Amino acid sequence: MPKSRRAALAAPLLAWYDRHHRSLPWRSPPGAPLMEPYRVWLSEIMLQQTTVPAVIPYFGKFLARWPSVHDLAAAPVEDVMEAWAGLGYYARARNLHKCAKAVSERLDGAFPDSVEGLLELPGIGAYTAAAIAAIAFDKPAAVLDGNIERVLARVFAVETPLPQAKPELRQLAAAVTPQERAGDFAQGMMDLGATICTPKNPDCLLCPLQKLCTAHKRGIAAALPRRAARAARPVRHTIAFLLQRADGAVLLRRRPPKGLLGGMLEVPSTPWRDTPWRTSEALGHAPLALDWQPAEGEAEHVFTHFALKIAALHGRINARAAAKIDGQWQQPRAAALPTVMKKMLGLLPGGSEGGAIRSTRNPRRGRARP
DNA sequence: GAACCGTGGAC
DNA sequence: TGTCCAAGGTT
């Protein structure tokens with residue numbers, strides 16, 4: 001590819017960004033002073049594999065509660081996990097807190113301004129390091145995320161499937177990134193990918209790069225980037241134990257710090273396994289022996305690499321007995337929980353009322369049984 | 001390198 | 001109702 005053509009990409013892209021950039025809470029408009037690195041970092045961590053609309057309320061909540069990196073570093077990690085509940089990928093919250101402590105205590109509150117320095121911090125990988133360096137410090141770092149991969153794969157008609165194409169795309173990103181305004185360039189490429197150069201039905205007629213785009217010229221833009229086929233998603237099963245105190249509070253426990261939903265609160269349940277549970281079997285995993293009653297309906301939750309089908313048993317307990325059980329008691333409506341746990345609580349008797357998440361039910365199957 | 005790690009919106 | 005896939009990082 002000729003060097004002139006690579007260099008020709010930045011100018012039209014930046015001109016488009018100046019006119020059509022999205023206005024976002026963590027972004028300063030082109031030409032304005034740079035956004036505070038703390039905010040850029042916070043937004044970038046939240047935006048990892050997460051959509052803009054999902055992030056906006058969390059970003060506001062975090063910033064209001066912890067206005068500086070020192071405030072965040074001083075918070076108990078449990079508070080951070082709780083504030084993160086519902087956003088997913090909970091290792092991010094743990095690393096967020098670890099990173100805040102490192103910056104606050106070791107670096108006196110100043111984020112590194114280089115890619116190498118940023119890469120040392122927990123939760124910051126190649127993408128995030130480049131994004132922070134470019135956006136918060138105006139360094140000429142080559143940013144590569146899913147959006148930019150797609151735009152580059154199309155403009156340069158990269159037919160190698162992802163993730164094999166990654167090294168090739170990294171080279172292209174480095175080649176097209178300008179020395180000036182690298183942050184605006186990265187954000188412009190991401191905006192373009194989010195609004196015009198979308199995964200399906202790209203709106204090539206409105207694209208500022210249309211004349212440069214080889215995939216468009218060949219009529220294969222929508223087919224790129226190619227991607228290796230995904231593995232099928234297995235189904236697992238569990239029975240949740242909805243143990244309710246006389247005042248309505250339910251029993252919750254803290255999950256181990258690593259792995260799935262690490263460090264978050266959970267509703268006690270049987271192990272999650274490939275085959276459905278019989279009630280008689282499940283009772284062996286109950287927090288205590290009592291008169292468990294089957295809850296009506298069932299719920300399903302889809303994780304990245306498996307789906308979970310959830311049935312539930314409901315039990316009642318008085319305050320005296322409740323005090324002897326390990327865990328904590330919270331009102332189901334008020335608890336800050338991962339979505340899958342909220343779905344379990346949605347199986348409580350009367351759980352469909354008052355805006356609780358309703359269990360999924362299959363009417364046909366539910367009535368087939370005599 | 002491959003597997004693991006959440007959630008919700010778009011189509 | 002299912003598939004895709006987001007401003008990815010860690011192990």
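Keep in mind that what you see is a predicted model, and the values were worked out from it rather than measured. In what follows, chains are A, B, ... by sequence order, proteins preceding strands, each numbered from 1.
Figure legend: A/Arg273 and A/Trp277 shown as a cation-pi pair, the cationic atom lying under 6.0 angstrom from the six-membered ring centre and within 45 degrees of its axis.
Nucleic acid contact class of A/Ala231 (heavy atoms, under 4.0 Å, all strands): none. Contacts of A/Trp84 with the nucleic acid, taken as non-hydrogen atoms under 4.0 Å apart, are absent.
Summarising the geometry of A/Val176 relative to A/Ala10, their closest heavy-atom pair is O-CB, 4.1 Å, with the distance given to 0.1 Å. The two atoms that bring A/Thr198 and A/Asn201 nearest to each other are OG1-O, 3.5 Å, heavy atoms only.
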Show the distances under 3.5 angstrom between N or O atoms of the protein and N or O atoms of nucleotides 2-5 of chain C.
residue : atom : partner  : partner atom : Å
C/dC5   : OP2  : A/Arg230 : NH2          : 2.9

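A/Gln48 and A/Tyr127 form no side-chain donor-acceptor contact under 3.5 Å, judged by distance and modelled atom types alone. Judged by distance alone, the side chains of A/Gln293 and A/Asp291 do bring a donor and an acceptor atom under 3.5 Å apart.
Taking side-chain N and O atoms only, A/Tyr89 has no distance below 4.0 Å to OP1 or OP2 of C/dT10. Between A/His301 and the phosphate of B/dG6, there is no side-chain N or O to OP1/OP2 separation shorter than 4.0 Å.
Residues of residues 63-70 of chain A having a heavy atom closer than 4.0 Å to DNA chain B: none are found. Within residues 41-54 of chain A, the residues that place at least one heavy atom under 4.0 Å from DNA chain B are, in residue-number order, A/Gln49, A/Thr50. Near-neighbour residues of DNA chain B inside residues 264-271 of chain A, defined by a heavy atom below 4.0 Å, are absent.
Looking only at side-chain heavy atoms (C-beta outward), A/Thr50 and A/Leu47 stay at 4.5 Å or farther from each other.
Between the side chain of A/Thr339 and the base of B/dG6 there is no donor-acceptor pair of N/O atoms closer than 3.5 Å.
A/Asn201 places its CG atom 11 Å from the C1' atom of B/dA10, with the value rounded to the nearest Å. As a whole-Å value, the separation of A/Phe306 CZ from B/dC5 P is 7 Å. Following rounding to the nearest Å, A/Arg27 (CZ) and C/dA7 (C1') show an atom-to-atom distance of 10 Å.
In this structure, the ring-ring contact (aromatic ring centres under 6.0 Å, His included) partners of A/Phe241, at least two apart in sequence or on a different chain, are A/Trp292.
Applying the ring pair (Phe, Tyr, Trp, His ring centres under 6.0 Å) definition to pairs two or more places apart or across chains, none involves residues 187-230 of chain A.
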